Number of protein chains: 2
Amino acid sequence: MNDSTIQNFKEILRKEGLRYTKQRQAVWDEIQNSQEHRDAEDIYMSIRNNGVNVSRATVYRTIDVLVKNRMVRKMDVGDGRNRYEPRLGDAHHDHMICVETGKIIEFYNEELEDLQEKIAEENGYMLVRHIHQLFVKPLKK
Amino acid sequence: MNDSTIQNFKEILRKEGLRYTKQRQAVWDEIQNSQEHRDAEDIYMSIRNNGVNVSRATVYRTIDVLVKNRMVRKMDVGDGRNRYEPRLGDAHHDHMICVETGKIIEFYNEELEDLQEKIAEENGYMLVRHIHQLFVKPLKK
DNA sequence: CCCTTTTTGAGACTGAGTCTCATTCGGATA
DNA sequence: TATCCGAATGAGACTCAGTCTCAAAAAGGG
Ligand SMILES: [Mn+2]
Ligand SMILES: [Mn+2]
Ligand SMILES: [Zn+2]
Ligand SMILES: [Zn+2]
């Protein structure tokens, strides 16, 4: 939607040797304009409801490009469908999922992040990426 | 294989109102006798190769019971198949997966565990369970 | 505008896991 | 130990997220 993001997107497509199409832009717009954690079917349906004709295949193909280029993060809440969220230059965060309401809360903890790198190194490895999800329930009060 | 585990297994079946069958025992044996992180198809094939006729449906159904009763832990390495490992009264641990070799390394860090509970509580929640996986690659030397 | 190459969409396909239901089995009872 | 009945099983149909195919459409450099 904003100019600099579109330019950034076009550059990525160029770098990947891919053409700029309205379907690809529509997928990126749809993900970018929401701060939610949505699944592919949901993204697909929204684009169609917005009047852009796109296929599921194109949605999945475009998401792959976005994920590869770190514009979108793929996450698994454990319900069998992958979910996606935009990464608009914002810092890393992990997720807390309420097992009662399904609500997703984002969190970031420096100490936790550092500790992970330390653990990997202690074992002779370098941390590439990580999956960290806390399944929680509201405290009784 | 050992008596106390079999008794424990029988008690769980009783508690769940389920009958003791050789298929169910075979599934538990197969998982119990390996310290690996195996998928359902692999467990299914091994049981059959050991000469016990069992169906995929029964393997999946039995695994569900074992997971529910915390005798088996279900984990997702991100390859589309769930993996299972026995929980023989041993302490909790998380996993490091080498992105180059696929090797799975287990680790446990008290500080990390405490931190997670603290984070949940700070947000008004109680930690129920968590998924934590470090994707790593060998340090260049 | 032309031409070549890439992209697209419809729907076939895949594969892990679930469900169905006729048949078999466990185990309580006598 | 034989009878009986509800529970368990197995074969395979089914589901559903995601992938693949390929003919038709669109991009975009010249
Ligand atoms: Mn998030
Ligand atoms: Mn393990
Ligand atoms: Zn993190
Ligand atoms: Zn842990």
Side-chain angles (χ1 to χ4, degrees), chain A residues 6 9-31 37-69 72 74-84, chain B residues 6-7 9-31 37-69 72-84:
Chain A
I6 292 178
F9 181 51
K10 283 187 175 173
E11 268 161 44
I12 281 165
L13 292 179
R14 200 173 305 126
K15 181 172 71 63
E16 292 281 338
L18 299 171
R19 290 176 179 173
Y20 178 77
T21 66
K22 70 171 188 303
Q23 287 87 348
R24 283 175 174 153
Q25 182 63 58
V27 173
W28 172 226
D29 282 347
E30 191 56 41
I31 296 174
H37 304 83
R38 308 168 69 194
D39 63 36
E41 185 66 17
D42 186 46
I43 293 162
Y44 165 74
M45 287 308 296
S46 293
I47 295 170
R48 303 205 122 215
N49 291 341
N50 290 348
V52 178
N53 194 291
V54 71
S55 66
R56 259 176 265 266
T58 295
V59 170
Y60 279 106
R61 288 186 286 229
T62 304
I63 287 174
D64 285 347
V65 175
L66 292 167
V67 168
K68 183 184 172 198
N69 288 278
V72 166
K74 189 179 196 165
M75 62 174 287
D76 180 5
V77 181
D79 61 356
R81 268 163 297 148
N82 284 310
R83 289 165 183 277
Y84 305 94
Chain B
I6 293 178
Q7 283 319 311
F9 181 51
K10 284 187 176 173
E11 268 162 44
I12 281 164
L13 292 179
R14 201 173 305 126
K15 181 172 72 61
E16 292 280 340
L18 299 172
R19 291 176 178 173
Y20 178 78
T21 66
K22 69 171 190 304
Q23 287 88 347
R24 285 176 173 152
Q25 183 64 56
V27 173
W28 172 226
D29 282 348
E30 191 57 41
I31 296 174
H37 304 83
R38 307 168 68 195
D39 63 37
E41 185 67 16
D42 185 47
I43 293 163
Y44 165 73
M45 288 308 295
S46 293
I47 295 171
R48 303 205 120 214
N49 291 341
N50 290 349
V52 178
N53 195 291
V54 70
S55 66
R56 260 176 264 267
T58 295
V59 170
Y60 279 106
R61 288 186 284 229
T62 305
I63 287 174
D64 285 347
V65 175
L66 292 166
V67 168
K68 183 183 173 196
N69 288 278
V72 165
R73 178 143 75 129
K74 189 178 196 167
M75 61 174 287
D76 180 5
V77 181
D79 63 355
R81 267 162 298 148
N82 284 310
R83 288 165 183 276
Y84 306 94

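Computed from a prediction, not measured in an experiment: that's the story for all the values here. Labels below follow one simple rule: chain letters A, B, ... track the order of the sequence lines, proteins then strands, and each chain is numbered from 1.
Evaluation of the side-chain contact (heavy atoms from CB on, under 4.5 Å) rule for Arg14(A) yields Lys10(A), Glu11(A) as partners, not counting sequence neighbours. Not counting sequence neighbours, Tyr60(B) has no partner by the side-chain hydrogen bond (donor to acceptor under 3.5 Å, both in side chains) test. Listed by chain and residue number, Ala26(A), Ile47(A) satisfy the side-chain contact (heavy atoms from CB on, under 4.5 Å) test with Val52(A) (two or more places apart in sequence, or in another chain). Remark: Ser46(B) engages Arg38(B) in a side-chain hydrogen bond (donor to acceptor under 3.5 Å, both in side chains) (not counting sequence neighbours).
Asn82(B) places none of its side-chain heavy atoms less than 4.5 Å from the side chain of Ile63(B). Between Asn50(A) and Glu30(A), some side-chain heavy-atom pair lies under the 4.5 Å cut-off. Side-chain contact between Thr62(B) and Trp28(B) is absent, with no heavy atoms from C-beta onward closer than 4.5 Å.
Between Asn82(A) and dA17(D) there is no side-chain N or O to OP1 or OP2 distance below 4.0 Å. Within the 4.0 Å cut-off from OP1 or OP2 of dG18(D), not a single side-chain nitrogen or oxygen of Arg81(A) is found.
In this structure, the helix from dC1(C)-dG30(D) to dA30(C)-dT1(D) shows an angle of 30° between the axis at its start and the axis at its end, each fitted on 5 base pairs and rounded to 10°.
Of all the residues in residues 37-48 of chain A, Arg48(A) reach under 4.0 Å from DNA chain C with at least one non-hydrogen atom. Contacts between residues 50-59 of chain A and DNA chain C, counted as heavy-atom distances below 4.0 Å, involve Asn53(A), Val54(A), Ser55(A), Ala57(A), Thr58(A).
Between Arg14(B) atom CZ and dA7(D) atom C1' there is a gap of 16 Å when expressed in whole angstrom units. To the nearest angstrom, P of dA17(D) lies 13 Å from CG of Asp76(A).
Asn69(B) and Lys15(B) get closest at one heavy-atom pair: OD1-NZ, 2.9 Å. The minimum heavy-atom distance linking Val72(A) with Tyr84(A) is given by the pair CG1-CB, 3.8 Å.
Within the structure, salt bridge (charged side-chain N to carboxylate O under 4.0 Å, His left out) pairs that include any residue of residues 54-68 of chain A comprise Glu16(A)-Lys68(A), Glu41(A)-Arg56(A) (at least two apart or interchain). Residue pairs meeting the salt bridge (charged side-chain N to carboxylate O under 4.0 Å, His left out) criterion with at least one member in residues 75-84 of chain A, sequence neighbours excluded, are Asp39(A)-Arg81(A), Asp79(A)-Arg81(A), Asp79(A)-Arg83(A).
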Please evaluate residues Arg73(B) and Val67(B) with respect to the criterion side chain to side chain contact (heavy atoms under 4.5 Å, CB included), reporting the C-alpha separation (whole Å), side-chain torsions for both, the decisive distance (0.1 Å), and the verdict.
CA-CA 6 Å; Arg73(B) 178 143 75 129; Val67(B) 168; over 6 Å; no
Can Val77(B) and His37(B) be said to form a side chain to side chain contact (heavy atoms under 4.5 Å, CB included), step by step? CA-CA 10 Å; Val77(B) 181; His37(B) 304 83; 5.9 Å; no
Inset, instruction - Applying side chain to side chain contact (heavy atoms under 4.5 Å, CB included), run through Leu66(A) and Phe9(A) and close with a yes or a no. - result: CA-CA 9 Å; Leu66(A) 292 167; Phe9(A) 181 51; 3.6 Å; yes
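The CZ atom of Arg24(A) sits 12.5 Å away from the CD1 atom of Ile12(A) when rounded to the nearest 0.5 Å.
Ranked by how close their nearest DNA chain C nucleotide is to the 5' end, Asp64(B) and Thr62(A) are led by Thr62(A).
For DNA chain C, the outermost nucleotides in 5' to 3' order that have an atom under 4.0 Å from a heavy atom of chain A are dT5(C) to dA10(C).
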For nucleotides 22-30 of chain D, 5' to 3', base contacts (B), sugar-phosphate-only contacts (S) and non-contacts (-) with protein non-hydrogen atoms under 4.0 Å give ----BBS--
